[in-house]
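Working notes for the structure below.
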Amino acid sequence: MAATYGILIDYDWCTGCRSCEMACQMEHGLPIGQSGVQVHEMGPWPIEGKDWQYDFVPAFGDQCDLCSDRTRRGELPACVHHCQAACMAYGPLGELAVKLADHRKQVLFAL
């Protein structure tokens, strides 16, 4: 079945708070350390001059079902709803893909 909805992450703004992980775990009753989303840390290390690589990038695994019970009720997936940095967006893939042109530090997950 082809994906029609997804999550767009602007990881330039992700602070690594991991509230998305906790929201997923609690929403689905998963054991500690298990979640449909996991935040990965890149850095910190110097790149050139005064620039540094230091990013947090949430990635989604096979357990993510986009909170199908919540989205059926018209609610956002738990990770998007609880994102402290408001760097996640949920919606139709076509609409989210258009936003990718805004800037380079984004990733779109078709789930």
> Would you say the side-chain atoms of Glu41 pair up with the backbone N or O of Gly16, donor to acceptor, closer than 3.5 Å?
Replying inline: no
>> Run Phe56 and Tyr11 through side-chain contact (heavy atoms from CB on, under 4.5 Å) and show every step you take.
In response: CA-CA 6 Å; Phe56 298 95; Tyr11 66 90; over 6 Å; no
> Taking the side chain as C-beta and beyond, is there a heavy-atom pair between Ser35 and Arg18 under 4.5 Å?
Replying inline: no
> Got more than 12 heavy atoms from elsewhere within 6.0 Å of CD1, Ile32?
Replying inline: no
> What's the verdict on side-chain contact (heavy atoms from CB on, under 4.5 Å) for Leu108 and Leu100, showing C-alpha distance, side-chain angles and the deciding distance?
Replying inline: CA-CA 8 Å; Leu108 177 58; Leu100 286 171; 4.2 Å; yes
>> Test your reading of the model: is there a side-chain donor-acceptor pair from Gln25 to the backbone of Leu30, 3.5 Å cut-off?
In response: yes
> Atom NE2 in His82, atom CE in Met26: separation rounded to 0.5 Å?
Replying inline: 10.0 Å
>> Once you measure the plane-to-plane angle for Tyr90 and Tyr5, does it fall in the parallel (<30°), tilted (30-60°) or perpendicular (>60°) bin?
In response: parallel
> Between Lys99 and Asp102, is there a salt bridge with N-O shorter than 4.0 Å?
Replying inline: no
> How far apart are the closest heavy atoms of Val37 and Glu21, and which atoms are they?
Replying inline: O-CG, 3.2 Å
>> If hydrophobic clusters are built by linking Ile, Leu, Val, Met, Phe, Trp and Tyr wherever their side-chain heavy atoms come under 4.5 Å apart, do Leu76 and Phe60 end up in the same one?
In response: yes
>> Out of the candidates Ile7, Leu66, Ile9, only one should pair with Cys79 under the side-chain contact (heavy atoms from CB on, under 4.5 Å) rule; please name it.
In response: Ile7
> Looking at OG of Ser68 and CG of Leu111, how far apart are the two atoms once the value is rounded to the nearest 0.5 Å?
Replying inline: 12.0 Å
> Under the 3.5 angstrom rule, does the side chain of Arg70 hit a backbone N or O of Glu75 as a donor-acceptor pair?
Replying inline: no
> What is the minimum heavy-atom distance between Ala3 and Leu93, and which atoms define it?
Replying inline: O-CD1, 3.3 Å
> Taking the side chain as C-beta and beyond, is there a heavy-atom pair between Pro77 and Thr71 under 4.5 Å?
Replying inline: yes
> Looking only at heavy atoms, what is the nearest atom pair of Cys83 and Ser19, with distance?
Replying inline: CA-OG, 3.9 Å
> Can you find a heavy atom in the side chain of Cys20 that is under 4.5 Å from one in the side chain of Met88?
Replying inline: yes
> Once you round to the nearest 0.5 Å, how far does SG of Cys67 lie from CZ of Arg72?
Replying inline: 11.0 Å
> Side chains of Asp65 and Gln63: do they bring a donor and an acceptor to under 3.5 Å?
Replying inline: no
> Out of curiosity, Trp13 CH2 to Thr15 OG1, how far, rounded to the nearest 0.5 Å?
Replying inline: 11.5 Å
> Hey, any chance Val39 and Val107 share a hydrophobic cluster, counting ILVMFWY side chains that come within less than 4.5 Å of each other, even indirectly?
Replying inline: no
> Could Lys105 and Asp10 be called an ion pair, given the rule that one side-chain N must be under 4.0 Å from one carboxylate O?
Replying inline: no
>> For a quick test of reading the model, state the closest non-hydrogen atom pair linking Ala23 to Ala78 and the distance between them.
In response: CB-O, 3.6 Å
> Is atom CZ of Arg73 surrounded by more than 12 heavy atoms (other residues, nucleotides or ligands) closer than 6.0 Å?
Replying inline: yes
>> Working to the nearest 0.5 angstrom, can you tell me the gap between Gln38 CD and Cys24 SG?
In response: 11.0 Å
>> Any side-chain to backbone donor/acceptor pair from Gln106 onto His103? Under 3.5 Å, distance only.
In response: yes
